[in-house]
Asker: 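To start, I am sharing the structure in question, which I have written as structure tokens.
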Amino acid sequence: MDSSAPPDEECGGTLFCHHDGSAENAYGWSFGWTEPSCGAFAEAFGLGYGRVVCGAYWCSQIGWFYGEPMDAYVWAGGGTREPGEVLCLIPGVALDNVPYWPDCGQDDVPIDCCVSGEFTAGWWADFTEQPLQWYICADEDGPGAILGPA
């Protein structure tokens with residue numbers, strides 16, 4: 001995982017993230033989790049008023065990736081309270097940079113979503129009836145990392 005990796009040509013601007021360029025683990029949910037958000041993964045931000053123009057997702061696989069898409073979300077809240085209202089949803093996002101673990105690939109998703117105060121950006125993929133095809137990379141000891149119950 002490389003925090004200095006340039007965004008894809010689709011996304012530009014400043015990238016805000018909670019990692020130091022390393023990934024110690026990767027996570028995913030499978031079998032039995034249902035939408036709209038059970039099994040979703042996300043990061044909370046408190047950047048004030050603005051616009052989310054891109055979501056950067058660092059993903060990896062262990063050999064079962066066959067192109068299963070994800071849905072990208074932006075929720076209101078999430079820093080000091082549970083994420084709430086869905087502000088933006090981009091369904092059916094195809095990932096094109098999913099290398100084998102321990103490598104992590106950055107996939108950028110154009111979003112264009114207005115936010116005010118705290119917001120949470122993340123994703124959900126429907127692995128309810130199948131094994132996980134890919135995992136989200138996690139920096140467990142970088143800036144902003146939370147280990148265990150918050």
Side-chain angles (χ1 to χ4, degrees), residues 1-61 65 67-99 103-128 132-150:
M1 193 159 100
D2 181 1
S3 62
S4 63
D8 289 346
E9 291 180 14
E10 297 177 71
C11 299
T14 302
L15 178 62
F16 295 96
C17 56
H18 299 301
H19 65 76
D20 62 9
S22 67
E24 290 79 32
N25 213 332
Y27 295 96
W29 293 101
S30 182
F31 297 116
W33 296 98
T34 59
E35 45 185 323
S37 60
C38 293
F41 288 86
E43 288 187 80
F45 298 88
L47 302 175
Y49 292 93
R51 181 178 296 274
V52 177
V53 296
C54 185
Y57 303 88
W58 286 270
C59 304
S60 190
Q61 63 161 311
F65 179 65
E68 182 68 29
M70 70 170 191
D71 297 335
Y73 284 87
V74 177
W75 292 273
T80 58
R81 61 182 175 89
E82 291 291 319
E85 171 190 7
V86 174
L87 300 175
C88 294
L89 166 63
I90 297 86
V93 175
L95 302 173
D96 62 1
N97 186 14
V98 186
D103 292 328
C104 294
Q106 180 180 340
D107 284 276
D108 291 342
V109 178
I111 293 180
D112 194 22
C113 186
C114 292
V115 296
S116 59
E118 295 178 343
F119 68 93
T120 301
W123 64 275
W124 181 82
D126 187 0
F127 297 124
T128 56
L132 287 167
Q133 289 191 17
W134 50 270
Y135 300 80
I136 197 73
C137 298
D139 183 356
E140 295 181 342
D141 62 1
I146 299 173
L147 293 176

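Residue numbers run from 1 in the order of the sequence given.
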Asker: Quick one: list whatever passes side chain to side chain contact (heavy atoms under 4.5 Å, CB included) with Asp112, sequence neighbours left out.
Answerer: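 Here the qualifying residues are Arg51.
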
Asker: For Pro99 versus Cys59, what's the shortest heavy-atom pair and its separation?
Answerer: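 What the structure gives for the nearest pair is CD-O, 3.6 Å.
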
Asker: Taking side chain to side chain contact (heavy atoms under 4.5 Å, CB included) as the test, write out the residues that go with Phe65, two or more places apart.
Answerer: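 By the side chain to side chain contact (heavy atoms under 4.5 Å, CB included) rule, Phe65 matches Gln61, Leu95, Val98, Gln133, Trp134.
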
Asker: Using a 3.5 Å cut-off and no angle test, enumerate the donor-acceptor pairs between side-chain atoms of residues 78-91 and protein atoms at least two apart in sequence or in another chain.
Answerer:
unit_1, atom_1, unit_2, atom_2, d
Thr80, OG1, Glu118, OE1, 3.1
Thr80, OG1, Glu118, OE2, 3.2

Asker: When Trp123 is tested against each of Trp58, Tyr135, Phe41 for ring-ring contact (aromatic ring centres under 6.0 Å, His included), which residue passes?
Answerer: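 Of all the options given, the one that passes is Phe41.
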
Asker: For Cys104, does its backbone N or O pair with a side-chain atom of Ser60 as donor and acceptor, under 3.5 Å?
Answerer: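 Checked: no pair found.
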
Asker: How close do Asp126 and Glu68 get, heavy atom to heavy atom, and via which atoms?
Answerer: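 Closest approach of Asp126 to Glu68, heavy atoms only: O-OE2, 3.8 Å.
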
Asker: What are the two closest non-hydrogen atoms of Ala121 and Trp75, and how far apart are they?
Answerer: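 In terms of heavy atoms, the two residues are closest at C-CZ3, 4.5 Å.
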
Asker: At their closest point, which heavy atom of Tyr73 faces which heavy atom of Asp71, and how far apart are they?
Answerer: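 Reported closest heavy-atom pair: CD1-O, 3.6 Å.
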
Asker: So do Glu43 and Thr120 actually touch side chain to side chain, heavy atoms under 4.5 Å?
Answerer: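 Sidechains of Glu43 and Thr120: no contact.
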
Asker: Could you tell me whether the side chain of Ser116 and the main chain of Tyr49 form a donor-acceptor pair under 3.5 Å?
Answerer: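 Pair absent, no side-chain N/O of Ser116 close to backbone of Tyr49.
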
Asker: When you measure from the side chain of Asp96 to the backbone N and O of Asp107, does any donor-acceptor pair fall under 3.5 Å?
Answerer: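 Flag not set: sc Asp96 to bb Asp107 has no pair under 3.5 Å.
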
